[in-house]
Each structure stands twice: as structure tokens, then as C-alpha cells.
A.B. asks: 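One structure, as C-alpha cells, below. Some questions next.
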Amino acid sequence: MILYKYQGTGNDFVMIDNRLQAFPKENTALIEKLCDRRFGIGADGLILLENDETTNFKMVYYNSDGNQSSMCGNGGRCLVAFAKKLNIINNEATFIAIDGLHHATINENEIVSLQMKNVSEVKIHDNYIFLNTGSPHHVQFVDDLSNFDVKKEGAKIRYSYLYGKPGSNVNFVNQISENEFSIRTYERGVEDETLSCGTGATATAIAVKAIGKTNSNNIIINVQGGKLEVSFDEENGIFTNVFLKGPAEFVFEVNYEFN
Ligand SMILES: N[C@@H](CCC[C@H](N)C(=O)O)C(=O)O
């Protein structure tokens with residue numbers, strides 16, 4: 001089977017064209033092995049592109065631990081680029097994912113802009129914010145982001161009483177200017193820091209607006225693997241027309257034999 005590797009600001013994925021349902025998707029150990037950086041191809045997650053009756057395709061997302069999970073923003077952007085490579089779409093797509101319908105466009109520089117779900121609930125606490133942008137996200141400001149132990153502190157929060165068994169992704173944030181922020185993210189299901197998280201960047205942009213750290217509706221989010229842009233409309237605490245924009249790049253393809 002031909003497997004493809006894509007990355008979006010360093011968040012990397014194994015992509016599989018599963019329109020013929022040939023991939024053994026119940027095989028958690030196989031998915032985990034394919035994502036393993038020593039024994040497999042290596043990735044933060046694995047994504048199946050499948051047929052859908054009413055949209056261009058369906059996205060099925062697995063974390064690198066082999067388990068199916070909630071929405072992946074960077075993965076969704078990479079899947080749109082993959083659908084273009086497979087000639088399923090040209091520069092526009094509508095697809096279905098676990099959190100509902102998504103629209104996306106690809107511009108002349110191959111930058112993918114993906115519409116994310118509307119957000120109507122932002123829980124603001126004394127020193128953190130929690131919201132769901134397709135996946136659950138804890139957002140917390142820290143003083144020295146570069147030297148922060150994201151894996152250790154992220155794991156503490158992810159497994160804390162705050163989020164119980166399902167857990168949460170955890171974003172640590174620093175403000176750079178009125179509309180620019182830097183984040184580092186601990187991802188559940190990878191159980192480590194990743195170089196970028198699209199739903200995390202989206203959650204951070206909405207959170208900083210919700211708590212008044214910015215007046216902008218167009219926010220740059222620096223991640224460890226590059227730059228993402230998040231824009232939205234806001235009315236009475238409801239965030240609509242939420243778009244996540246950034247590069248989504250093909251890395252390589254390989255003919256892989258399962259055993
Ligand atoms: N990397 C992703 C988020 C993937 C899902 C997450 N690990 C979870 O299980 O909640 C992104 O780009 O959004």
C-alpha cells in the first residue's frame with residue numbers, strides 16, 4: 001500500500017487513501033507502529049481519506065498512540081493538500097470530519113485555509129482558559145516560554161483532576177505584540193510536545209480575544225514549526241467564521257508492506 005507523509009508547520013502525519021477500505025483501521029498496534037519514529041514511518045498522527053456521499057471526502061484521524069481521536073486542524077489542512085494531489089479536488093474542498101462539516105481553500109502559494117467549527121463556550125478561569133475547537137484545549141500564559149518544560153508541565157495538567165479520563169491538550173502561551181502570540185503545545189494521544197497544533201493555535205487565538213489580551217480578529221500564532229494565522233468573527237462571545245491558515249506540505253511517499 002502506498003503511504004504518504006505530510007506536515008503542516010512541523011505537525012506530521014501518515015496519509016492513506018482509504019477510498020477502497022483496504023486499510024485495517026481497527027489495528028491500533030499497526031497505526032501506532034506506523035507513527036513510531038524508530039520502528040515505523042514516524043508521525044504525530046495517521047489520517048485516512050475516505051469516501052463520503054455528500055462532500056468531497058471524509059477525514060478519519062488517529063493520534064500516534066493508535067487511537068481514533070477528535071479533530072486535528074493541521075491534519076485537516078494536510079488532508080486537503082493530499083486530496084488535491086489525488087485529484088479529488090482542485091483548490092476548494094468540503095469534507096466531513098468527526099466534529100462536522102469543513103470548508104477549505106488552497107491559495108496560489110499552496111497555503112491551506114481551513115474553516116474550523118464555531119465556538120460558543122469559552123471557560124475563563126483565574127490562570128487558564130478552556131475551550132473546544134474540535135479538540136479540547138487548556139490555554140495558559142507562562143513567563144519564559146522558551147525554557148518551559150512543556151512535556152512535564154503539560155502532562156501534569158493533561159492528567160489532572162481538571163480533565164479526568166478524556167484529558168485535554170495543553171497550550172502554553174506568550175504574547176509578542178497586539179496580534180501575535182507564541183505557543184508550545186502538549187498533545188494528548190502523542191503524550192509529548194509537538195511542533196504545532198492547529199486546533200491549539202485556534203483555541204489560543206480565541207482565548208486571547210475572549211480575555212481581552214487583543215482586540216484583533218486576525219491573530220498570528222508562532223508555533224515551534226512555523227507560523228499559523230487564525231481569523232474569526234465574534235459577537236456576544238460567539239466565534240464564527242473561524243479560519244486556520246498555514247502551509248501543508250507533501251514530504252514523501254513510500255510503498256509499505258504490512259506484516
Ligand atoms: N495536532 C492536532 C490535534 C490532534 C488531536 C489531539 N491530539 C487530541 O487528541 O485532542 C491539531 O493540529 O489540531
Side-chain angles (χ1 to χ4, degrees), residues 5-15 28 31-32 34-35 37 42-48 59-82 95 97-100 102 104 111-117 119 130-139 150-151 154-155 157-160 162-173 183-207 219 221-230 232 239 242-249 251:
K5 170 94 179 254
Y6 273 74
Q7 63 86 14
T9 51
N11 204 189
D12 58 348
F13 309 97
V14 172
M15 297 288 189
T28 305
I31 298 171
E32 190 175 12
L34 290 171
C35 291
R37 296 191 187 278
D44 296 324
L46 179 145
I47 303 175
L48 303 178
M59 170 178 180
V60 185
Y61 174 76
Y62 300 83
N63 277 321
S64 60
D65 66 3
N67 296 306
Q68 198 179 339
S69 193
S70 44
M71 181 57 185
C72 177
N74 287 327
R77 293 188 312 95
C78 287
L79 193 64
V80 169
F82 182 46
F95 69 92
I98 196 157
D99 64 339
H102 290 266
I111 298 294
V112 180
S113 176
L114 173 66
Q115 185 165 20
M116 306 296 284
K117 77 191 267 277
V119 174
F130 177 79
L131 66 161
N132 192 311
T133 51
S135 282
H137 283 278
H138 175 110
V139 179
V150 171
K151 184 167 184 183
I157 295 167
R158 181 259 194 264
Y159 289 108
S160 75
L162 286 177
Y163 302 116
K165 198 155 185 260
S168 176
N169 299 285
V170 183
N171 305 274
F172 298 104
V173 192
I183 66 169
R184 292 177 61 193
T185 304
Y186 177 97
E187 267 194 55
R188 119 185 131 155
V190 180
E191 306 312 337
D192 204 345
E193 180 178 11
T194 57
L195 293 184
S196 176
C197 177
T199 49
T202 308
T204 303
I206 291 174
I219 296 170
I221 303 285
N222 299 313
V223 294
Q224 294 293 90
K227 239 179 222 313
L228 291 165
E229 205 180 307
V230 179
F232 47 74
F239 295 81
V242 181
F243 285 92
L244 170 70
K245 193 171 158 186
E249 292 166 5
V251 184

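Below, each value reflects all heavy atoms present in this structure, side chains not excepted, and no hydrogens, waters or symmetry copies. Indexing begins at 1, ligand by ligand and atom by atom, following the structure's order.
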A.B. asks: To which protein heavy atom is atom 12 (O) of ligand 1 closest, and what is the distance rounded to 0.1 Å?
C.D. replies: Gly198 N, 2.6 Å

A.B. asks: Of the backbone atoms (N, CA, C, O) and the side-chain heavy atoms from C-beta on, which set of Thr199 has a member under 4.0 Å from an atom of ligand 1: side chain, backbone, both, or neither?
C.D. replies: both

A.B. asks: Only heavy atoms of Tyr61, strictly under 4.0 Å: list the atoms of ligand 1 that pass.
C.D. replies: 4 (C), 5 (C)

A.B. asks: Who's the nearest protein heavy-atom neighbour of atom 2 (C) of ligand 1, and how far?
C.D. replies: Cys72 SG, 3.1 Å

A.B. asks: Suppose I only count heavy atoms of Asn63 and a 4.0 Å limit; which atoms of ligand 1 are within that range?
C.D. replies: 5 (C), 6 (C), 7 (N), 8 (C), 9 (O)

A.B. asks: Does an N or O anywhere in Ser196 fall below 3.5 Å from an N or O of ligand 1?
C.D. replies: no

A.B. asks: For a 4.5 angstrom cut-off between non-hydrogen side-chain atoms, does Tyr62 reach Leu48?
C.D. replies: yes

A.B. asks: Are Tyr163 and His138 near enough that their ring centres are under 6.0 Å apart?
C.D. replies: yes

A.B. asks: Which residue from Glu187, Arg158, Arg188 reaches closest to atom 8 (C) of ligand 1 through any of its heavy atoms?
C.D. replies: Arg188

A.B. asks: I need the atoms of ligand 1 closer than 4.0 Å to a non-hydrogen atom of Asn11, numbered in the order shown.
C.D. replies: 1 (N), 2 (C), 11 (C), 12 (O)

A.B. asks: Do Asn11 and Leu195 have side chains that get closer than 4.5 Å, going by heavy atoms?
C.D. replies: no

A.B. asks: Is the closest heavy atom of Asn169 to ligand 1 under 4.0 Å?
C.D. replies: yes

A.B. asks: Less than 4.5 Å apart, any side-chain heavy atom of Asn169 and any of Arg158?
C.D. replies: no

A.B. asks: Taking the side chain as every heavy atom from C-beta outward, state whether Tyr61 and Leu79 have any pair of such atoms under 4.5 Å apart.
C.D. replies: no

A.B. asks: For ligand 1 and Pro136, I'd like to know whether there is a polar contact (N/O to N/O, distance under 3.5 Å).
C.D. replies: no

A.B. asks: Below 4.0 angstrom from a heavy atom of Met71, which ligand 1 atoms are there? Numbered from 1 as shown, please.
C.D. replies: 3 (C), 4 (C), 5 (C)

A.B. asks: For residues Thr202 and Val242, determine if any side-chain heavy atom of one lies less than 4.5 Å from a side-chain heavy atom of the other.
C.D. replies: yes

A.B. asks: Is the shortest side-chain heavy-atom distance between Gln7 and Cys78 below 4.5 Å?
C.D. replies: no

A.B. asks: What about Tyr186 and Phe172, are their ring centers closer than 6.0 Å?
C.D. replies: no

A.B. asks: Considering only non-hydrogen protein atoms, determine which one is nearest to atom 9 (O) of ligand 1 and report residue, atom name and distance to 0.1 Å.
C.D. replies: Ser69 OG, 2.6 Å

A.B. asks: In this structure, does ligand 1 have an atom that sits under 4.0 Å from one of the heavy atoms of Cys197?
C.D. replies: yes

A.B. asks: Do any nitrogen or oxygen atoms of Gly200 lie less than 3.5 angstrom from nitrogen or oxygen atoms of ligand 1?
C.D. replies: no

A.B. asks: Are Tyr6 and Phe82 close enough that some pair of their side-chain heavy atoms sits under 4.5 Å apart?
C.D. replies: yes

A.B. asks: Does Val190 come within less than 4.0 Å of ligand 1, judged by its heavy atoms?
C.D. replies: no

A.B. asks: For ligand 1, is any non-hydrogen atom under 4.0 Å from Asn74's backbone (N, CA, C, O), its side chain (CB onward), both, or neither?
C.D. replies: both

A.B. asks: According to the interplanar angle, ranging from 0 to 90°, do the rings of Phe95 and His102 count as parallel (below 30°), tilted (30 to 60°) or perpendicular (above 60°)?
C.D. replies: parallel

